Amino acid sequence: MANDASTVFDLVILGGGSGGYAAALRGAQLGLDVALIEKGKVGGTCLHNGCIPTKALLHAGEIADQAREAGQFGVKATFEGIDIEAVHKYKDEVITGLYKGLQGLIASRKVTYIEGEGRLSSPTSVDVNGQRIQGRHVLLATGSVPKSLPGLEIDGNRIISSDHALKLDRVPQSAIVLGGGVIGVEFASAWKSFGTDVTIVEGLKHLVPVEDENSSKLLERAFRKRGIKFNLGTFFQKAEYTENGVRVTLADGKTFEAEVLLVAIGRGPVSQGLGYEEAGVAMDRGYVLVDEYMQTNVPTVSAVGDLAPTLQLAHVGFAEGMLVAERLAGLKVVPIDYDGVPRVTYCHPEVASVGITEAKAKELYGADKVVALKYNLAGNGKSKILKTAGEIKLVQVKDGAVVGVHMVGDRMGEQVGEAQLIYNWEALPAEVAQLVHAHPTQNEALGEAHLALAGKPLHSHD
């Protein structure tokens, strides 16, 4: 292995996804000499196989639904179907534009970009393309891939992952979605808007099971209304080909048949065969273990993003990457409060939250110390105009701060920014209630909910 000893980077980053490129950009900005190694395209899962393309599909689905429902608003329109080739063209144009912009950013910050499959060769070096890249510090950011279950082979034909679903050359007539988490419900929502007959299979007792139970129930009600079917509380047993599609059998013997099966049970870390364990990096089930500063047990190695056992969200990757870069540059850094990170599921209707659930709050503070309030969007003028239903639920420590904000309804993802400030600044309901929210907006619903929680409801019943 050739070793160019004349160059020792301050930071060598293995993986150019959200966490990796954020660390590269921030590190270079702070004067670090940075090398970024990526085997595919910079931007990683989020830009090419995750956040961005799925949201493009969901927006196309939203347009389809609006065309179908235009008559409700006095607009004469007809829905003639989905041109999936044109949908992919639109999606790919969004990705390409962002990709080019990101490439330009990396070049402008003078990051040394190396395309190739890297492997950690020591606590201070990465081997790639026959070269050994030396660094005073190495950041592991190799991301994740779709997971499956033992005995369930994802073949890309009738049994597919989210990667395959993003490139599917047709709108399936019917689909089974295995997994009712974020990925599963987003694809179920988009496909239903495209005209697919969708059934979700989730082994736990609710859709989006990590959310507050009230949010899960509201989403289930909305999905029933849309005609999205789901089976909850029974685990998957097996899948087999039929003459025209796939049959799924559950542990209780119940069966479902469809044209395709989307396996959406989550994503697992990419770490096997990359030299991590050989370099002495502590691992658990494929994840790289880190402390609150994203430091591994090896002093010269850090890890961020989906590779670490933290929230699998692109914006978490950004924050973790920036934290590492700032720590290495000698700045004072503050650990991330993961409860304070906004979470959004972009199905129709959207599910957005920040902070902790009511159940978690009762566990932490005691049931008698927790107050919960629900504000129905039926009382919000802009939501009425948009014809969206849902609720904002606030969780408060009695006589104290709001510790959870849980929202269901169209465009609620756009409201989570203020909710994030409320949680992270430990706001009291009365402090939010005194702020004047614009009318008519959906954002106003957050203000109204806090007015009610502060004991002075305006457009809601006492």
Side-chain angles (χ1 to χ4, degrees), residues 45-46 49-51 53-55 57-58 61 143-168 172 174-194 196-211 213 215-217 219-220 222-224 226 228-240 245-252 254-269 285-286 306 309 311-314 343-351 353:
T45 295
C46 172
N49 301 100
C51 323
T54 53
K55 270 32 119 194
L57 291 185
L58 283 158
S144 63
V145 289
K147 287 196 300 189
S148 189
L149 295 170
L152 178 57
E153 184 186 349
I154 296 175
D155 56 25
N157 182 11
R158 300 184 200 176
I159 302 175
I160 63 175
S161 72
S162 56
D163 288 352
H164 302 117
L166 286 169
K167 295 177 170 60
L168 207 59
S174 58
I176 299 165
V177 176
L178 181 59
V182 173
I183 298 169
V185 300
E186 287 190 351
F187 273 101
S189 183
W191 275 344
K192 181 63 181 179
S193 296
F194 288 171
T196 303
D197 181 17
V198 182
T199 301
I200 303 170
V201 172
E202 169 55 56
L204 299 178
K205 65 178 183 177
H206 286 296
L207 297 179
V208 289
V210 301
E211 294 290 343
E213 189 172 315
S215 294
S216 296
K217 288 178 177 178
L219 181 64
E220 288 159 14
F223 271 19
R224 281 191 203 98
R226 290 186 62 196
I228 297 174
K229 296 172 288 222
F230 47 88
N231 192 92
L232 305 173
T234 308
F235 287 98
F236 168 89
Q237 186 177 73
K238 65 176 181 178
E240 55 199 336
V246 183
R247 180 186 300 114
V248 166
T249 304
L250 303 188
D252 61 1
K254 193 181 291 184
T255 62
F256 300 91
E257 293 191 18
E259 182 183 329
V260 295
L261 167 63
L262 170 62
V263 181
I265 59 166
R267 299 180 65 87
R285 297 170 295 117
D306 290 359
L311 288 175
Q312 289 189 337
L313 297 169
R343 306 169 293 272
V344 185
T345 304
Y346 295 87
C347 50
H348 167 49
E350 291 183 351
V351 180
S353 63

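All of these numbers come straight from a predicted model, not from anything done at the bench.
- Checking side-chain atoms of Arg226 against main-chain N and O of His348 turns up a donor-acceptor pair under 3.5 Å.
- Surrounding CD of Glu153 are at most 12 heavy atoms belonging to other residues, nucleotides or ligands under 6.0 Å away.
- Of the possible donor and acceptor atoms, none in the side chain of Ser189 sits under 3.5 Å from a partner among the backbone N and O of Val185.
- A side-chain contact (heavy atoms from CB on, under 4.5 Å) with Leu261 is found for one member of Leu152, Val201, Val177, Ile160 and no other, namely Leu152.
- For the atom pair Leu58 CG and Ser193 OG, the distance stands at 7.5 Å (nearest 0.5 Å).
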Going by atom type alone, with no hydrogens or angles, which donor-acceptor pairs under 3.5 Å involve a side-chain atom of residues 229-236 and a protein atom two or more places apart or on another chain?
unit_1, atom_1, unit_2, atom_2, d
Lys229, NZ, Asp197, OD1, 2.7
Lys229, NZ, Asp197, OD2, 3.2
Asn231, OD1, Lys254, NZ, 2.9

Could you give me the CA-CA distance, side-chain angles and deciding distance for Leu178 and Val248, then say whether side chain to side chain contact (heavy atoms under 4.5 Å, CB included) is met?
-> CA-CA 9 Å; Leu178 181 59; Val248 166; 5.7 Å; no
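- Looking at Glu211, its side chain never comes within 3.5 Å of a backbone N or O of Val351 through a donor-acceptor pair.
- Ser216 places a side-chain N or O within donor-acceptor distance of the main-chain N or O of Val208, the cut-off being under 3.5 Å.
- Without hydrogens or angle criteria, Arg158 side chain to Gly245 main chain gives a donor-acceptor distance under 3.5 Å.
- For the side-chain hydrogen bond (donor to acceptor under 3.5 Å, both in side chains) test, no residue two or more places apart in sequence or in another chain qualifies with Glu350.
- For Glu213, the side-chain hydrogen bond (donor to acceptor under 3.5 Å, both in side chains) partners two or more places apart in sequence, or in a different chain, are Lys217.
- Judged purely by atom type and a 3.5 angstrom limit, Ser174 uses its side chain to pair as donor or acceptor with the backbone of Glu259.
- Side-chain contact between Lys167 and Pro53 is absent, with no heavy atoms from C-beta onward closer than 4.5 Å.
- Side-chain atoms of Phe223 and Glu220, non-hydrogen and from C-beta on, never get closer than 4.5 Å to each other.
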